[in-house]
Amino acid sequence: MDNLREKYEVVIGLEVHAQLKTKSKIFAPDSTEFGNEQNTQISPITLGMPGVLPVLNKECVNMGILLGLALNCEIPNRCKFDRKQYFYPDLPKGYQISQYDEPICINGWIDVKGKRIGITRAHLEEDAGKLVHVGSAGINGSLYSLVDLNRAGTPLLEIVSEPDMRSSEEARAYMEELRNIVRYLGVCDGNLEEGSMRCDANISIMPKGSTKFGTRAEIKNINSFSALQRAVEYEIDRQIEIVEEGGEVVQETRLWDDNLKETRSMRGKEDAHDYRYFPEPDLMPLEISREWVEDIRKNMPELPEAKRQRYMSLGLSEYDARIIVDQMPLALFFDEVLRLGANPKAAVNFIMGEISAYLKENKVEINETKLTPENLAELIAMIEKGTISNNIGKQILVEDMITNGEKASAIVERKGLSQISDEGAIKAIVEKVVNSHPAEIEAYRNGKTNLLGFFVGQVMKETKGRANPKTVNELVKEILG
Ligand code: ADP
Ligand code: MG
């Protein structure tokens with residue numbers, strides 16, 4: 001397959017649904033809270049009972065504008081809502097209120113690892129309910145299906161990209177950057193596994209050098225970044241095989257099965273006219289004043305790309321900056337440590353080293369540990385002042401500070417760990433230690449100079465790591481002559 005790959009260019013466009021973190025639904029006052037008893041957040045509006053009217057939740061519009069600005073979109077003066085008709089048991093009204101030809105955001109872009117990816121549009125819409133298939137093997141094999149409408153009417157922002165991506169790696173990087181953006185904006189949890197962010201991948205292939213795009217397949221049911229990459233890879237190979245055998249790719253919707261690691265056909269692709277879109281008669285077109293947009297722009301938090309650039313200007317490598325920004329709680333923690341005046345290099349060394357290792361091992365986020373930015377900043381200051389050595393610092397960080405939240409100064413006091421910098425005191429210990437190893441002294445003086453490390457190590461052991469290593473080194477050399 002690999003050499004066949006070289007004959008084709010891959011074209012990918014993503015449609016990403018982000019569930020907006022509002023308290024209530026987009027057109028109804030029901031709570032959007034997740035995980036409650038089924039069918040308890042279903043007002044007559046959500047159920048689409050006769051005579052009810054939708055009322056637009058302003059918070060959804062605020063979040064839509066905020067995200068649009070972060071995606072460098074234009075926010076037109078006017079947008080409107082439309083009905084998209086289809087019939088499915090999870091859609092109580094028989095139509096979804098969405099935005100068709102006048103969305104809230106248009107013509108944007110984001111830069112992903114140095115490449116600009118166009119954003120065609122982003123529009124507001126309501127989510128459907130959830131079907132639970134009971135029985136054995138999926139929809140067809142199940143005995144019956146249950147409907148939970150708690151999710152119906154939850155606000156979504158659908159972000160449609162231009163077909164600008166050319167590999168599964170680019171598609172994944174774009175999706176990861178979008179996830180970071182929605183998280184830093186606070187408009188969506190960005191959790192693919194839990195479905196608060198969902199992604200449909202449109203994929204086509206064309207001969208290298210061609211400018212005419214091939215027919216695309218749309219892949220649904222992707223619920224992790226690695227699944228996105230796997231699904232795209234699988235689909236590329238599937239399409240190449242079809243074309244190589246003289247066949248044609250058909251436009252259709254396919255489902256990714258992450259257990260079988262394959263896509264399978266779900267339905268032929270609907271065209272827009274299948275949905276019989278028309279303007280939602282129960283909602284006025286929405287006028288968005290420039291003041292409204294500017295008010296929201298003023299509250300824009302720092303975006304992931306700007307954060308990475310700032311970290312790099314503090315001396316972090318691009319790699320470290322990426323790793324930290326990709327984990328929002330860690331980045332917010334780091335920012336706070338910096339705000340408290342800590343040395344950035346020292347903070348990064350702890351964060352990328354001992355702290356990240358601890359988080360990984362215990363599968364927790366930094367804000368789920370007892371370590372506070374204040375305590376880390378204090379620890380770093382104590383090391384810089386020479387009160388404790390770096391090694392002692394690492395030790396108490398892992399053994400005490402992360403697990404029990406104790407302050408560095410309190411631990412050092414309790415355990416008597418402050419560094420011995422007094423030369424006279426260190427000298428006495430060095431003499432004692434060196435003189436208790438006569439055989440090694442002789443070997444050293446006969447040219448085995450790498451025994452220096454042995455003596456230094458013995459002194460450090462004797463002082464439980466509290467002696468200033470530089471002073472120890474100098475004194476050992478001096479005594480051994
Ligand atoms: P639909 O509702 O039919 O899915 P949208 O306009 O919502 O249409 O989304 C179409 C998506 O498919 C966009 O992300 C677009 O970039 C992408 N796309 C369009 N043509 C192609 C193609 N030939 N190959 C790959 N992706 C494509
Ligand atoms: Mg679509």
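We count ligands from 1, going down the list as the structure has it; atoms in each ligand are counted the same way.
For residues 19-38, the set of pairs meeting the ring pair (Phe, Tyr, Trp, His ring centres under 6.0 Å) definition, not counting sequence neighbours, comprises Phe27-Phe81. Residue pairs meeting the side chain to side chain donor-acceptor pair (under 3.5 Å) criterion with at least one member in residues 65-76, sequence neighbours excluded: Glu74-Asn107.
For ligand 1, one of its N or O atoms has an N or O atom of Gly214 under 3.5 Å away. For ligand 1, the polar-atom distance check against Asn202 finds a nitrogen or oxygen pair separated by under 3.5 Å. Considering backbone and side-chain N/O of Val160, none are found under 3.5 Å from N/O of ligand 1.
The side chain to side chain donor-acceptor pair (under 3.5 Å) with Glu126 is formed by just one residue from the set Lys84, Lys93, Arg151, Lys25; it is Lys93. Considering Arg78, Lys80, Arg121 as possible partners of Glu102, the one that fulfils the side chain to side chain donor-acceptor pair (under 3.5 Å) test is Arg78.
One side chain, Glu244 or Tyr8, offers a donor N or O that lies under 3.5 Å from an acceptor on the other. Judged purely by distance below 3.5 Å, without hydrogens or angles, the side chains of Asp258 and Trp256 pair a donor atom with an acceptor atom.
Heavy-atom contacts of Glu162 reach the following atoms of ligand 1: 16 (O) (cutoff under 4.0 Å). Of all atoms in ligand 1, numbered sequentially from 1 with element shown, those under 4.0 Å from a heavy atom of Leu14 are 14 (O). For ligand 1, the atoms closer than 4.0 angstrom to any heavy atom of Val11 are 24 (N), 25 (C).
Nearest-heavy-atom check against atom 10 (C) of ligand 1 across Glu218, Arg121, Gln251, Arg216 picks out Arg216.
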